[in-house]
Structure formats: structure tokens, C-alpha cells
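Only this structure's heavy atoms are used, side chains among them; waters, hydrogens and symmetry mates stay out.
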Amino acid sequence: MTTSSAHCSVGANAHFHENSRNFPSKLESASVNFHSNGEFLKISLKPSSGSSIYSKNNNQIINWLKAWGYVGRVCSLPEIGDVFPEKPLTPILDTIETPMHLKNLSHKEMKQLADDIRSELLFIMNKTQKSVKGSMSVVELTIAIHRVFSAPMDKILWDVGEQVSSNIKDHKVRCFYEDRYSMTYAHKMLTGRRSLMHTLRQKDGISGYTSRSESEFDAFGAGHGCNSISAGLGMAIARDIKGKRDRIVAVISNESTMTGQLYEAMSNAGYLDSDMVVILNDSRQSLHPKLEESPKTPINALSSTLSKLQSSKLFRKWREVAKGLTKRIGKGMYEWAAKVDEYARGMIGPLGSTLFEELGLYYIGPVDGHNLEDLICVLNQVASLDSTGPVLVHVITKEDKIVQNDNPIRTSIKYKEDPYEAGPQPSNPSQTYSDRLAEALTMEAQIDKDIMVVHAGMGIEPSLKLFQEKFPERFFDVGMAEQHAVTFSAGLSCGGLKPFCIIPSTFLQRAYDQVVHDVDRQKIPVRFVIPSAGLVGSDGPTNCGGFDITFMSCLPNMIVMAPSDEVELANMVATASSIDDRPVCFRYPRGAIVKSNAPLIHGVPIEIGKGRVIVEGKDIAILGYGAMVQNCLRAHSLLSQLGIEVTVADARFCKPLDIKLVRQLCENHAFLITVEEGVIGGFGSHVAQFITLDGKLDGSIKWRPIVLPDNYIEHASPMEQLALAGLTGHHIAATALSLLGRTREALLLMC
């Protein structure tokens, strides 16, 4: 028996008596220290008896610690992997450095590899608090794909990346209750990135999506889903023209099948008849409860045999010969034989399988997505076929393959003082902007029975279920069908209703043509609510909502506004409800509301195009738009400590601009700074256009815009992203100091 010391990244030191190389049998002592931004938490553990501590469950450990007298009150505990070295043994996975190493594994070893990957994914989940649910369900499929195909020579395209429900209250909770998950984590582990998985979606770490710049094994970057068949078909045509022989595999999810682009791509693939393999990962999940309740596609010995028969070279050749013979006999015989073939395949296939045949893809399935032997057999036969056109392999994966954790969510509580001296801590997490939006919409809908909610872009946010439960007949979720959502809302409006069309900023981009022609050009009063506006932290550039101010404010009939806090958000809901002669939109960011203890109040309509002055000063004016008003106020606080009197104004509206407010700020100050969490061409450009035409820039006013930089900001924490973008209170204050000629103080402030 030996004594060892384990150092933890959270600032914890634990001493154990060890009986084995991997697990401690007895905790001798432990000291845990947390210190961040002035917040402090300390746990000192000294056993009063020779009791042994080891558990995989934090709740059990907390209860034991309380019962055995380690501390009077346990307020927090470091992640189990930080103190207890419980990284699972993964003997087969440890031997895999590239997909080529899969080629020599036996079926037994591949099954062990699947278990190893799941154990590793669970360990990563506990360490990083990142969801791995989608990847857990496709472990066997991922292994089979890399066993049969030879990436990176063969191109493997993965569709939907991890797309987070925008504003769930707590970041860690959000990671476990997402509506769409990444399928690619197992793929990343098998393609040389296993050692980097702990950096997943962190600053300078690896992406939560496939990324061409990250690995040669990522043939195409995953965006918002539904792009893999289109990109794969393009690669297949390029291959044919270049005379190459690499194989193209596109993996899609059943949620992607709700998008129009996917069917456009399949129809074109059927017409062009270029060889490619489409794998439909059907996790049996749906956004629609009625579909969830419908009979599930059966997976049994018969379906397995039929799938192998459909994919066999002999059957395919016999089918082609039969087609040729009936064509020679005559057109009528050929059409009759085609109908018999379609009817027979429809009888043995699952509901809806003939749709893919109508689009021109040869359907094979269903295949058990957790049976490695069947998967490899079918994919091998599909890969061996030449000049057969596009093939769709329907793979069924099940939720019960995901290991359930008794206590998957660990919430750490931060204290501003010693927790042992502190009073009771708040148990409810801060409300988010989406929470307040749902509450405001519900209050408005109770008064106005014409209010409807149309939601698109991703799964329903938990906060919106408040409205859905109260008014189920007035709530419509259309999934990843943003174009339909916009025009559907326009139709509701034409029918005399008041639709609020809720689409996250990054997904609204996909429906811009409908926004222009079906709404704005016709002056139809659709009320666009744009969540996840601005930077989105660990979701990086894929879900960044930086463009909506620019692309919405350039539309002639659109009213464009943004709230600076949750009170303004409620007011803008009321304002949008009262507008009935043109379209209107307002955006809000992810994250917690500003005034956590502010009471819920009914919104009051705002005068259109009317901003407000929050703080008055004389030295410099800062005009903020939307959530950036809060950072303008932080800059005001920093500058006031240096004796600088600052005016902070909330623009509220980008269009129509409050020209009276802008003119007043220019006339009463020598310096004006505009701040927005959007790209160039947005709010600051509208201000510049006005003050230029109004002649204000001809005088003594000096103007500086602060916008998002002209590059994509990669995944990081929200504060790290704001710092990279130059949008923090310190950056705004430094810009003001530079304008005032106090460059040295500006540099010191940034340091």
C-alpha cells in the first residue's frame, strides 16, 4: 500500500491510500480551493475516522461527507474526475490513432471499441459538461463507416452539428437538454483528435462541428444541417469529371429530413445519377408528438435479411437486367414492371421508404444501427457497387443505447464570501431573456386572442413551453423549416392574426428571400423575434448572430429595434403587437437578464423611433444599441472614476433612427461613440449616414463606431469572445480615452 497525491485543476489537492493503480480505496485528506474574480469557496476534508470514501456519484459523496463529519455543511464539491482518478480503461481505443487501424480489428474487438468510445464520451461529458448524446447513439455506425470506407481519400460528410437551444437558464443544464446533438464526436476520436476532446468548444480548442480547417478527415464543415447531400453531390460530380474513384458518403439525421434543401439535393442526385451513399441516421425522434406516438419501424431478423438482400450485388444486377428486358419488350411492360417493383419494395420497407425511390435514390433498410455485423455487411456491399447511382441506407438507432447517468448535471454554486459564514443561497438560477420573452408573450396573448407564435430553427426552447402549454392551438413549431415559417406567418397575418415569428438570428439567414419578398415588399405585419443575437460563446461562428442588424435594417419597410434589458424587451413585445401596418423585428442575446430581481410587468408600447438618455454627462457621448447598452454603462462607471463625465444613451431603434436624439448628442458633445454587437453596415452605419447628410461631421463632432470585427470569432466563453471582439466595457472606455487624447490611460485600462 502506498500514499499518493493527486493535484486537481480546480485548485484541489487530495491524498489517498491506494490499493490499486487506478482507484483510491481510501481518502486520507483533501483540500479544495476555488478562487475566481473575487469569488471564494474552500472545502477542507479531514476524516474523523478511518472510513473509506469512493463513489461515482457526487450526491453519495456529499451525503457521506455530511454523515461522517468531514464538514458542517458541504456547499460544493469539485467534479468527480478532478479529485478521483476514475478515467475508464479503454484498451482497444488506446490502439486507434487513425481510421486505418480499424481495418484489422475482429468483430469482438470492434464491439469492445464501441464500449471504449462510449466510456470515453461519458468521461468527456463529466469533465467538460458538453453534451455527447448524439454521438453516443452513432458509435457503431461511425466505426462501421470508417471500417468500410477509407477516409480521407473517401469523403465522409456529417450533417447536423450540435445546435444548442438558445437560452436555457444554466449553461451546464443546457448541455444536457439540447434538442439537437452533434454526431461527430466519435468520428473526431477515431481521426486523431482524441487527445484534444477535453478542449471541445473552448477557446483555441476543437470545434463542436466538423471543420475543414481542423482535420483532413472533415470533408465539409457542418453548418445548420441539411447541407451534406448537396455538398456530397457536388464532390461526386467533380470526382466523375476528374476521372477519380473516391467514394462519397453523406450522413444525415431524421431531423434534417424536415428541411427543403435536403429534398432538393436528393431530387438532383436522383436526376444526375452519380454514385454516392446517403446514410439516414434515424434516432426515432421528432419535433411532433403525433409522429412520436406513431408505430416505429421494426428491426428484426427479417428486416436484417431483406436489407442485406437489397444491398447485395447479385440482387442489384438481377434488378438491372430485369429493367433492361422490360424496356426491350415495350414501354407499357417497363412501366408495369416498375410499378410492381415499387409496390413490392413499399410492402417490405418501412412507411415512407418509397419517397426516396421516387426521388431517385435506391433505398436499403432498415438496418439496426447498433449491430456492427449487419452495418459492415450492408456498407461493404454498397461500397462494392459501381455505377449504380445514389443509394440511401436507412439506419435505426435507439435512445436506450445512451448510458443514463443518475446525476448527469452538476451545478457549482459561486459565493462572494466564505460559504461557511454565508446565509442560505438562492436555489433558482437567473432568468434568461427567452424566459422573459415567453412571459411577456403570454401576458399579451391573454389580452389579445389574435396573437400567434411560430417557431423555427431548432427544437423548442423550454421557456417557450409556457406559451405552448397555455395556448397550444396558437403555437406552431415547424422545426428546421425557416422559409416556410416566414411565409406561413405572412399567411396568418393576411388572415387577420398577429404572428410572432421566432427564429434565432443565424437561422433567419436561411429565410431571407421570404423575409424580403413575402413580408417586407408587401408590408405584411409579421413580428420577427430574433433570439441568440450577437456572439454565442462555445457555439462559435456557426450559430453566431452577428448579421441580422445589417440585413434587416436595409429593408425599406422593416422597423428594427433591440432591447437593452428585460423591461425594454417586454415593452418591445407590446410595441410589436400594436403595429399592424408593416413588419417589425427585435433581437435579444443569449444569457441571463440584467435585473435578476426585477418584477414581471406588462409591457408598455414605445413610441416608434424614440430612444432615451440613461445617464447625462458633458465630455463624451456613448450611444448603445441593444444589449451593448449594459457594456456602455460599465464603460461609464470606469470613466467616471477618472473624472470623465459621460452621456450614455439607449438608441432602442436602428430603423427608424431617432434623429432628434442623435442630433442632440452631436450638438452637446465633441465626441460620439456608437456601440453594437453586430457587423459593419448595421446601426453605426445608419448613424453615420444621418450625421453625414445632416452636416454634423463637417463641424467639431468626432465619431467612432464599435462593431464586430470583419472576421469570424471562433468558439470560446462569452466573455472571451467579447474581449476578442473589442466590445467589453474596458474596450469602450479605452476608445473614449483615446478620443480624449489620454492614450496612456487607455493602455493602462486595457492592461
Side-chain angles (χ1 to χ4, degrees), residues 155-161 163 179-180 183 219-237 248-288 290-291 294 297 338 342 345-346 349-366 382 388-396 454-459 476-489 491 503 507-515 517-518:
K155 305 298 186 292
I156 301 172
L157 295 81
W158 297 86
D159 209 47
V160 175
Q163 294 174 6
D179 298 296
R180 194 165 293 119
M183 298 189 292
F220 199 79
H224 298 149
C226 77
N227 64 2
S228 62
I229 299 181
S230 298
L233 179 60
M235 293 178 185
I237 296 299
I248 311 297
V249 181
V251 186
I252 64 174
S253 72
N254 55 316
E255 290 176 342
S256 298
T257 59
M258 301 182 68
T259 63
Q261 182 183 348
L262 182 133
Y263 295 100
E264 294 169 5
M266 285 196 288
S267 177
N268 194 217
Y271 172 76
L272 295 174
D273 204 35
S274 185
D275 290 351
M276 69 178 295
V277 180
V278 178
I279 300 175
L280 169 58
N281 170 44
D282 184 357
S283 60
R284 304 177 185 240
Q285 299 298 304
S286 171
L287 295 176
H288 303 289
K290 289 183 180 178
L291 294 180
S294 63
T297 303
E342 179 183 340
R345 289 168 59 75
L351 196 65
S353 60
T354 54
L355 170 63
F356 302 111
E357 294 276 348
E358 290 292 332
L359 290 170
L361 281 74
Y362 180 74
Y363 175 87
I364 297 172
V382 168
T388 56
V391 175
L392 184 136
V393 181
H394 185 186
V395 175
I396 303 291
V454 179
H455 181 269
M458 59 174 63
F476 305 91
D477 181 61
V478 300
M480 295 174 68
E482 297 87 358
Q483 295 171 317
H484 164 65
V486 171
T487 308
F488 174 61
S489 298
I503 305 178
F507 294 97
L508 186 59
Q509 297 163 187
R510 293 156 51 129
Y512 192 58
D513 184 69
Q514 285 70 27
V515 173
H517 291 288
D518 296 345

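Of all non-hydrogen atoms in A511 and V486, the two that sit nearest each other are CB-CG2, 3.7 Å. Here the shortest heavy-atom pairing between M480 and R510 reads O-NH2, 3.9 Å. Closest of all the heavy-atom pairs between I229 and A265 is CG2-CB, 3.6 Å. Closest non-hydrogen pair, M276 versus G232, comes out as CE-C, 3.9 Å. Listed here is the closest heavy atom pair of I396 and P366: CG1-CB, 3.8 Å. Counting all heavy atoms, side chain and backbone alike, D273 lies closest to G389 at OD1-CA, 3.4 Å.
The CE atom of M266 sits 12.0 Å away from atom CG of L233, with the distance rounded to the nearest 0.5 Å. For the atom pair H484 NE2 and Q514 CD, the distance stands at 11.0 Å (nearest 0.5 Å). The distance from the OG1 atom of T259 to the CD atom of E264 is 8.5 Å, given to the nearest 0.5 Å.
Classified by interplanar angle (parallel below 30°, tilted 30° to 60°, perpendicular above 60°), the ring pair Y363/F356 is parallel.
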With side chain to side chain contact (heavy atoms under 4.5 Å, CB included) as the test, would you mind laying out the steps for H455 and F476 before giving the verdict? CA-CA 6 Å; H455 181 269; F476 305 91; over 6 Å; no
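Although no hydrogens or angles enter the test, the distance criterion places no donor-acceptor pair under 3.5 Å between the side chain of N281 and the main chain of I252. When atom types are taken as modelled, the side chain of D159 and the backbone of S228 share a donor-acceptor pair closer than 3.5 angstrom. S267 contributes no side-chain N or O that, together with a main-chain N or O of Y263, makes up a donor-acceptor pair within less than 3.5 Å.
Applying the side chain to side chain donor-acceptor pair (under 3.5 Å) criterion to Q261, with sequence neighbours excluded, gives S230.
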